[in-house]
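Here's the structure we're looking at; comments come further down.
Throughout, a chain's letter reflects where its sequence line sits, starting with A, and its residues are numbered from 1.
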Protein chains: 2
Amino acid sequence: MNDDFSPFRLENQLCFPLYACSREIIKRYTPYLDGIGLTYTQYITMMVLWERRSVGVKELGDKLFLDSGTLTPVLKKLEAKGLVTRERSKEDERSLIVTVTEAGDALKTQAAGIPAQISRCSALTPEEAAELYRILYKLLGREATV
Amino acid sequence: MNDDFSPFRLENQLCFPLYACSREIIKRYTPYLDGIGLTYTQYITMMVLWERRSVGVKELGDKLFLDSGTLTPVLKKLEAKGLVTRERSKEDERSLIVTVTEAGDALKTQAAGIPAQISRCSALTPEEAAELYRILYKLLGREATV
DNA sequence: CTCAATTAGATTGTACACAATTTAATTGAG
DNA sequence: CTCAATTAAATTGTGTACAATCTAATTGAG
């Protein structure tokens, strides 16, 4: 009766395990991120800023695959926490430049252990993790190594 | 200056490409799902019902990794569209049974081409897709083959 | 039996995502 | 130059996600 190869079975789709995995992994981050008062979206935004120090909203959106509709409220919250500043670019007033503050930079220290703690509970072998990583970036249409 | 192996680089995390991929793939579904008037969450809910015909909210939540806080409004919307019915179980009044209607079942025909159309634009080889699938289910802590 | 503990959904409140629209600044074809 | 087209953010509205709480039904230890 139930065709195991039916294209309609949830288990026969790639989209579903991707969607479920993404949410499950983010849930594993939550208790650690609660400790530094960030949501996952705020955390990945800070990760870009920890590396780049200062970045335009457009470029931030390209990196995170998010648009201004999502980023504007996130950045306003980070600004309210005193972690970033938001200023219009002098060269192009349309562009908004986000810059990490001293407090924002200090948070990086507190976040130090998080990535390792998460990957420790992933149950994947290093080879599987590397392969997963490679395939996901292929799907995203970007090179894995930047 | 920028350490390519820093655990803080977005590119060195698994969580980020998972999160970005999940959203990108769902975005690829959207134009097709618009055609049958469903959101992605509504679509995967209907997929379970197309296979099972009738299922409790608890079991639906286990399958989809979603709780009642998410499912209740989704199921009410599907009920409003006339695609499902929602009734308390006779044996256990705490449990709510969701059943696909005739109209809900008819929608399966309209959705027929969607999975194939999506996978056609994935750019992955069949081997990569299979490997991705296997690793994701390992991460989810479930067996890939149900 | 009986009431405390458990369970299933619903509700509430917060925070994204994202499509669509709006506003303001910049650009470039003529 | 100049105005239509483009671009960057912000805004608006809808729909999830999910933690926390609430309500009602069921269960099970004593």
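Residues B/L96 and B/T72 form no side-chain contact, since every pair of their non-hydrogen atoms from C-beta on lies 4.5 Å or further apart. Counting only heavy atoms from C-beta outward, the side chains of B/V100 and B/S54 never approach each other to under 4.5 Å.
The nucleotide whose nearest atom lies closest to any side-chain atom of B/L66 is, among D/dA24, D/dC18, C/dA17, D/dC18. Residue B/R88 has its side chain nearest to C/dA10 when only C/dC16, C/dA10, D/dC18 are considered. Nearest to the side chain of A/T72, among C/dC16, D/dA10, C/dT7, sits D/dA10. Listed nucleotides D/dT16, D/dA10, C/dC18 differ in distance to B/R23; the shortest reach to its side chain belongs to C/dC18. In this structure, of C/dA24, D/dG15, D/dA25, it is D/dA25 that holds the atom nearest to the side chain of B/E93. Residue A/T39 has its side chain nearest to C/dC16 when only C/dC16, C/dG9, D/dA9 are considered.
Each of B/K76 and B/D92 lies near DNA chain C, and the nucleotide nearest B/D92 is the one positioned closer to the 5' end. Nearer to the 5' terminus of DNA chain C, by closest-nucleotide assignment, is the contact made by A/K77 (compared with the other of A/K77 and A/S89). For the pair A/T30 and B/V74, both in contact range of DNA chain D, the more 5′-proximal nearest nucleotide belongs to B/V74.
Across the protein-nucleic acid pair, B/L64 atom CG and D/dC18 atom C1' stand 15 Å apart, rounded to whole Å. Per the geometry, CZ belonging to A/R28 stands 13 Å off P belonging to D/dC18, to the nearest Å. C/dT26 atom C1' lies 15 Å from atom NZ of A/K58, rounded to whole Å. Residue A/L71 contributes atom CG, which lies 10 Å from atom C1' of D/dA9 at whole-angstrom precision. C/dG9 atom C1' lies 11 Å from atom CG of B/L75, rounded to whole Å. The separation between B/L60 atom CG and C/dA10 atom P is 11 Å, rounded to whole Å. Atom-to-atom, CG of A/D34 to C1' of C/dT14 comes out at 13 Å; the value is rounded to the nearest Å. Across the protein-nucleic acid pair, A/D67 atom CG and C/dA19 atom P stand 7 Å apart, rounded to whole Å.
Under the 4.0 Å criterion applied to side-chain N and carboxylate O atoms, B/E79 and B/R86 are assigned as salt-bridge partners.
Base pairing analysis places D/dG30 opposite C/dC1; the two distances defining the Watson-Crick or G-U wobble pair are each below 3.5 Å. When both pairing distances are held under 3.5 Å, C/dA19 makes a Watson-Crick or G-U pair with D/dT12.
Ring geometry for A/F16 versus B/F65: interplanar angle of 30 to 60°, hence tilted. Between B/Y43 and B/Y29, the ring planes lie tilted relative to each other; the angle falls in the 30° to 60° range.
Across all strands shown, B/E91 has heavy atoms under 4.0 Å from sugar-phosphate atoms exclusively, and none from any base. Within 4.0 Å (heavy atoms only), B/T70 reaches at least one base atom of the nucleic acid.
Put simply, A/S95 has a side-chain N or O that comes within less than 4.0 Å of OP1 or OP2 on D/dA9. Contact annotation: A/K27 does not reach the phosphate of D/dA19 (side-chain N/O to OP1 or OP2, under 4.0 Å). When the side-chain nitrogen and oxygen atoms of B/Y19 are compared with OP1 and OP2 of C/dA17, one or more of them lie within a distance under 4.0 Å.
Side chain to side chain, B/S89 and B/S95 fail the donor-acceptor criterion of an N or O pair below 3.5 Å.
With hydrogens and angles left out, the side chain of A/S68 and the base of D/dA10 share a donor-acceptor pair within 3.5 Å.
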